[in-house]
Colleague: 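Below is a structure I'd like to ask you about.
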Amino acid sequence: MQFNYDILVIGAGHAGCEAARAAALRGADVCLITMDIEKIAQMSCNPAIGGIAKGQIVREIDALGGMTGQITDRTAVQFRMLNLSKGPAMWSPRAQCDRNRFSIEWRRELENTPNLSIWQDQAIELVVKDGKAVGVNTLWGNKFRSKCVIVTAGTFLNGLMHIGRTKVAGGRISEPASLHFSESISRHGIKVARMKTGTPLRLDARTINFDKLTRQDGDNGHHRFSFACETDILPQIPCWICNTNDEVHAILRDGLADSPLYNGQIQSIGPRYCPSIETKLHTFPERDHHPLFLEPEGLDTNMMYLNGFSSSLPLDIQLNAVRKIPGFEKANIYRAGYAIEYDFFDPTDLCHSLESKRIEGLYFAGQVNGTTGYEEAAGQGIVAGINASLKIEGREPFIMGRDESYIGVLIDDLTTKGVDEPYRMFTSRAEYRILLRQDNADARLTKKGHELGLINDERYAFFVRKQENINKIVDFCDNYMVKVGEIDTYLQTLGSTPLSVAAKLSTIVSRPGISLRGLVSEIYELNEIIGNIAEKVEEVVEAAEIAIKYDGYIRREQAEAQKMHRLEAIRLKGRFDYAKITQISTEGRQKLAKFDPETLGQASRIPGVSPSDINALLVLLHR
């Protein structure tokens, strides 16, 4: 049979779910094709969302109108705000989730999204006509035709799993690989390569002596992922901390001859920042221990995840080594750890909209672009879904700058620099991380989400009220003069110098250790303003305090971003034959010809293009 849609989304992982929902909410007729409808939004590795910079991405997805943040809040069994001892640019939310509930909630959301159909089948061939993606053919002989195709196939494209010397084709444990779809794409000139990732063995909580582990509880504060007003949470449960030791390392080293990573069985590139335990031993031979985190997989299961112990060693090596960790002497497992190799496509073949430069109407999002992590995938997914729907409307693509979002940084890095290992987002990758804080993601992106039709009027009105309340507090602090002696007792209790002359309240708040909450009992008018806030008051107060304390840094980064905007406004594409420009370096010519950047700003971020090359281009453009 043949089925016709506006947009096809191939794969129902984190990228596919966000892509399909975003496109459907914008009015496109969407079909999400997945091998197994029971595995929608499966958390294939760690059942957690967020972390350093990743948490910021999830809050950005939420601000745009995506669902990853809300579903995380509904299914979280532990929430923590990381890096609270550092500046707010480094604060990063992270939640341990109930794996099964997370998938169920996403499926419920998709099944109740207007304009969205879900089809259980396997895409085996991309159909291209006159340089345009027009659909896919499936394993069961069905023909799906569309105006755009979004590929979000994760690790399933020619997936190959490894445990010791045993190799099994598959995209995830006990799930088949997609064996032909990659070839139907690469035959059109799109470059394909291989990457590798892995996961640890799963343990039975009933066989672990928790008295020998260190308990790690979550936060009990106001922080959540979603900016929407959802307050109900699941019961919160602890994680546990432990360490490897010399005995563990000795067993692991004895098994390295059978490690697919070191016997030549695996040739592809693995993740630098989430290495296997055997890679840790190889990279850090001087270390006598490595930290591990034992994390629950949900409220209704005894299965636990040993974070930090990813491995593809033979099962007996994995189990014998784990049993040398104090508390794990009698540990039993549900499943061995394994490595998986899979196909990805060169992201420099993509526009910033995530549309292919070679096949019109074909979009890629998630691990197929060389990234790692649910959050990076979901961020790409919502952008691909938005842009595919904009394309069929004949509108300009939605592209975020590096000063607007971590998602913008991620996509710019992928499309401009490419990848030579699985890409993971860090705060250090962003030049403007003081502007890209987790607390202000809604201020940066909610208006855009509303204009795109992903944020409804009710939620937008809620956002506007929140911003008005933040501004009320900031304006009050900027205009209220604190008299000499008015708050001396409070200042002295904190070891802060009393006032010798009157000063603006904002100046006082800017001092280290001073908080708006602490000043509420000292200044009646401030107490009255905060007391009248009815919605998410703690989030409002926190955002206002950050805006006051870091005002100077924020203004400086805004000025730097404006300078970069001037380069972004200078169009390059189609204006030069780089091979004929003798004023720039040979490497610069080669890299510019290869990547063909849209703007001078993009050209400045290409590795190998020097500042002097950019200056030469500026001179030539002026001429």
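Counting begins at 1 with the first residue of the sequence.
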Colleague: Please list, chain by chain and in numerical order, all residues satisfying ring pair (Phe, Tyr, Trp, His ring centres under 6.0 Å) with Phe225, sequence neighbours excluded.
Modeller: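 Ring pair (Phe, Tyr, Trp, His ring centres under 6.0 Å) check on Phe225 returns Phe79.
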Colleague: In plain terms, say whether Glu295 and Arg94 are close enough for a salt bridge, that is, a side-chain N and a carboxylate O under 4.0 Å apart.
Modeller: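 Yes, this pair counts.
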Colleague: Quick check: does any side chain N or O of Gln318 sit under 3.5 Å from a backbone N or O of Leu313, one acting as donor and the other as acceptor?
Modeller: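 Side chain of Gln318 to backbone of Leu313: a pair is present.
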Colleague: Do any pairs count as a ring pair (Phe, Tyr, Trp, His ring centres under 6.0 Å) and have a residue in residues 400-422, sequence neighbours left out, and if so which ones?
Modeller: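 Found none.
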Colleague: Looking at Lys357 and Asp349, is there a salt bridge between them, counting it only when a charged N and a carboxylate O are closer than 4.0 Å?
Modeller: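 Between Lys357 and Asp349 there is no salt bridge, as every charged N stays at least 4.0 Å from the carboxylate O atoms.
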Colleague: In chain order, what residues pass the ring pair (Phe, Tyr, Trp, His ring centres under 6.0 Å) check against Phe426, with sequence neighbours excluded?
Modeller: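 Checked Phe426 against ring pair (Phe, Tyr, Trp, His ring centres under 6.0 Å); matches are Tyr273.
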Colleague: Is it true that, when you exclude Gln2 itself, more than 12 heavy atoms of the residues, nucleotides or ligands shown sit nearer than 6.0 Å to its CD?
Modeller: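 Yes, the 6.0 Å shell around CD holds more than 12 heavy atoms from other groups.
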Colleague: Run the salt bridge (Lys or Arg N to Asp or Glu O under 4.0 Å) test against Arg459 and tell me which residues pass, sequence neighbours left out.
Modeller: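 Here the qualifying residues are Asp62.
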Colleague: Taking 4.0 angstrom as the limit, do Glu376 and Arg424 come out as a salt bridge?
Modeller: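 So Glu376 does not pair with Arg424 through a salt bridge.
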Colleague: Glu404 and salt bridge (Lys or Arg N to Asp or Glu O under 4.0 Å): which single residue from Lys448, Lys447, Arg444 fits?
Modeller: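 The salt bridge (Lys or Arg N to Asp or Glu O under 4.0 Å) with Glu404 is passed solely by Lys448 among Lys448, Lys447, Arg444.
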Colleague: Do His180 and Asn158 have side-chain N/O donor and acceptor atoms under 3.5 Å apart?
Modeller: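 Side-chain D/A pair, His180 to Asn158: absent.
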Colleague: Short question: side chain of Thr199, backbone of Gly337 - any donor-acceptor pair under 3.5 Å?
Modeller: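 Not at all, since once roles are kept as given, no pair shorter than 3.5 Å links the two residues.
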Colleague: Do the side chains of Lys196 and Glu341 get close enough for a salt bridge, i.e. N-O under 4.0 angstrom?
Modeller: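 So Lys196 does not pair with Glu341 through a salt bridge.
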Colleague: Is it true that Thr599 and Glu568 share a donor-acceptor pair across their side chains at a distance under 3.5 Å?
Modeller: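 Short answer, yes.
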Colleague: Under a 3.5 Å cutoff, is there a donor and acceptor pairing between the side chains of Asn387 and Ser353?
Modeller: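 No.
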Colleague: Kindly check if the number of other-residue, nucleotide or ligand heavy atoms within 6.0 Å of CZ (Arg272) is above 12?
Modeller: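 No, CZ of Arg272 has 12 or fewer neighbouring heavy atoms, counting only those of other groups under 6.0 Å.
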Colleague: In this structure, which one of Thr138, Thr152, Thr34, Val149 forms a side chain to side chain contact (heavy atoms under 4.5 Å, CB included) with Ile10?
Modeller: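 Running side chain to side chain contact (heavy atoms under 4.5 Å, CB included) over Thr138, Thr152, Thr34, Val149 with Ile10 returns exactly one hit, Val149.
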Colleague: Under the salt bridge (Lys or Arg N to Asp or Glu O under 4.0 Å) test, which residues partner Glu297, sequence neighbours left out?
Modeller: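 Only Arg99, Arg202 meet the salt bridge (Lys or Arg N to Asp or Glu O under 4.0 Å) criterion with Glu297.
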Colleague: Rounded to the nearest 0.5 Å, what separation is found between the CG atom of Leu354 and the CD1 atom of Ile382?
Modeller: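 Rounded to the nearest 0.5 Å, the CG-CD1 separation comes to 12.0 Å.
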Colleague: If you measure only the distance, is there a donor-acceptor pair under 3.5 Å linking the side chains of Ser389 and Arg26?
Modeller: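 Looking only at side-chain atoms, Arg26 and Ser389 do form a donor-acceptor pair, the distance falling under 3.5 Å.
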Colleague: A quick test of your reading: do over 12 heavy atoms of other residues, nucleotides or ligands sit less than 6.0 Å from NZ of Lys573?
Modeller: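 Check passes, neighbour count above 12.
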Colleague: Check salt bridge (Lys or Arg N to Asp or Glu O under 4.0 Å) between Asp577 and all other residues, then give those that pass, not counting sequence neighbours.
Modeller: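 Checked Asp577 against salt bridge (Lys or Arg N to Asp or Glu O under 4.0 Å); matches are Lys580.
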Colleague: Judged by atom type as modelled, is there a donor-acceptor pair below 3.5 Å linking the side chain of Asp413 to the main-chain atoms of Leu410?
Modeller: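 Flag not set: sc Asp413 to bb Leu410 has no pair under 3.5 Å.
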Colleague: State whether the side chain of Asp73 and the backbone N or O of Ser226 hold a donor-acceptor pair below 3.5 Å, judged by distance alone.
Modeller: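 Checked: pair present.
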Colleague: Just by modelled atom types, is the Gly601 backbone N or O under 3.5 Å from a matching donor or acceptor in the Ser604 side chain?
Modeller: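 Yes, because the side chain of Ser604 sits within donor-acceptor range (under 3.5 Å) of the backbone of Gly601.
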Colleague: Is it true that a side-chain atom of Gln78 and a backbone atom of Gln96 form a donor plus acceptor pair closer than 3.5 Å?
Modeller: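 The answer is no, because no donor-acceptor pair under 3.5 Å joins these two groups.
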Colleague: With a 3.5 Å distance limit and no angle check, can you tell me whether Thr75 reaches the backbone of Ile71 through a side-chain donor-acceptor pair?
Modeller: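 Flag set: sc Thr75 to bb Ile71 pair under 3.5 Å.
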Colleague: Taking only residues two or more places apart in sequence, or in another chain, which ones meet Tyr374 in a ring pair (Phe, Tyr, Trp, His ring centres under 6.0 Å)?
Modeller: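 Counting only residues at least two positions away or on another chain, Tyr374 forms a ring pair (Phe, Tyr, Trp, His ring centres under 6.0 Å) with His14.
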Colleague: Quick one: list whatever passes salt bridge (Lys or Arg N to Asp or Glu O under 4.0 Å) with Asp6, sequence neighbours left out.
Modeller: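 With neighbours one apart ignored, the set is Lys147.
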Colleague: Would you please say whether a donor-acceptor pair under 3.5 Å links the side chains of Asn369 and Gln380?
Modeller: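 Yes, side-chain donor-acceptor contact under 3.5 Å.
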Colleague: Does the side chain of Thr427 pick up a donor-acceptor pair with the side chain of Arg433 at under 3.5 Å?
Modeller: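 Thr427 vs Arg433: no donor-acceptor pair found between side chains.
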Colleague: Under the 3.5 angstrom rule, does the side chain of Ser184 hit a backbone N or O of Phe181 as a donor-acceptor pair?
Modeller: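 Yes, because the side chain of Ser184 sits within donor-acceptor range (under 3.5 Å) of the backbone of Phe181.
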Colleague: Any ring pair (Phe, Tyr, Trp, His ring centres under 6.0 Å) pairs touching residues 138-163, not counting sequence neighbours?
Modeller: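 Pairs touching residues 138-163 that pass the test: Phe3-Phe144, Trp119-Phe144.
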Colleague: Salt bridge or not between Arg108 and Glu105? Use side-chain N to carboxylate O under 4.0 Å.
Modeller: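 Salt bridge between Arg108 and Glu105, a charged N being under 4.0 Å from a carboxylate O: yes.
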Colleague: Quick one: do the Glu18 and Thr68 side chains pair a donor with an acceptor below 3.5 Å?
Modeller: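 Yes, because at least one side-chain N or O of Glu18 sits under 3.5 Å from a partner of the opposite role on Thr68.
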Colleague: Does Phe462 have any ring pair (Phe, Tyr, Trp, His ring centres under 6.0 Å) partners at least two apart in sequence or in another chain, and if so, which?
Modeller: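 Partners of Phe462 by the ring pair (Phe, Tyr, Trp, His ring centres under 6.0 Å) criterion come out as none, since no residue qualifies.
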Colleague: Do you see a donor-acceptor pair shorter than 3.5 Å between the side chains of Thr416 and Asp412?
Modeller: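 Yes - a donor-acceptor pair under 3.5 Å links their side chains.
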Colleague: Does anything in residues 364-374 pair up under salt bridge (charged side-chain N to carboxylate O under 4.0 Å, His left out), and if so which pairs, sequence neighbours excluded?
Modeller: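 Pairs touching residues 364-374 that pass the test: none.
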Colleague: From Gln120 CD over to Ile40 CD1, what is the distance, rounded to the nearest 0.5 angstrom?
Modeller: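 Here the interatomic distance stands at 9.0 Å.
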Colleague: For residues Gly366 and Thr371, report the shortest heavy-atom separation together with the two atoms involved.
Modeller: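 For Gly366 versus Thr371, the nearest heavy atoms are O-OG1, 3.1 Å.
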Colleague: For Ser92 and Gln56, does a side-chain donor sit closer than 3.5 Å to a side-chain acceptor?
Modeller: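 Gln56 and Ser92 do have a side-chain donor-acceptor pair below 3.5 Å.
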Colleague: Dump the intermediate steps for side chain to side chain contact (heavy atoms under 4.5 Å, CB included) on Leu592 and Val609, then the final yes or no.
Modeller: CA-CA 8 Å; Leu592 288 165; Val609 177; 4.0 Å; yes
Colleague: Would the distance check show the side chain of Thr155 and the main-chain N or O of Gly171 forming a donor-acceptor pair, the cut-off being under 3.5 Å?
Modeller: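 Looks like yes, one N/O pair under 3.5 Å.
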Colleague: Tell me which pairs pass ring pair (Phe, Tyr, Trp, His ring centres under 6.0 Å) where either residue lies in residues 377-402, with sequence neighbours left out.
Modeller: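 Listed once each, the pairs would be none.
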Colleague: Please determine whether a side-chain nitrogen of the Lys or Arg among Arg101 and Asp300 lies less than 4.0 Å from a carboxylate oxygen of the Asp or Glu.
Modeller: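 Judged by the 4.0 Å cut-off on N to carboxylate O distance, Arg101 and Asp300 do form a salt bridge.
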Colleague: Under 3.5 Å, is there a donor-acceptor pair between the Asn456 and His450 side chains?
Modeller: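 No donor-acceptor contact under 3.5 Å links the two side chains.
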Colleague: Does the side-chain hydrogen bond (donor to acceptor under 3.5 Å, both in side chains) test come out yes or no for Asn137 and Arg145, once each step is laid out?
Modeller: CA-CA 9 Å; Asn137 296 329; Arg145 297 297 177 260; 3.1 Å; yes
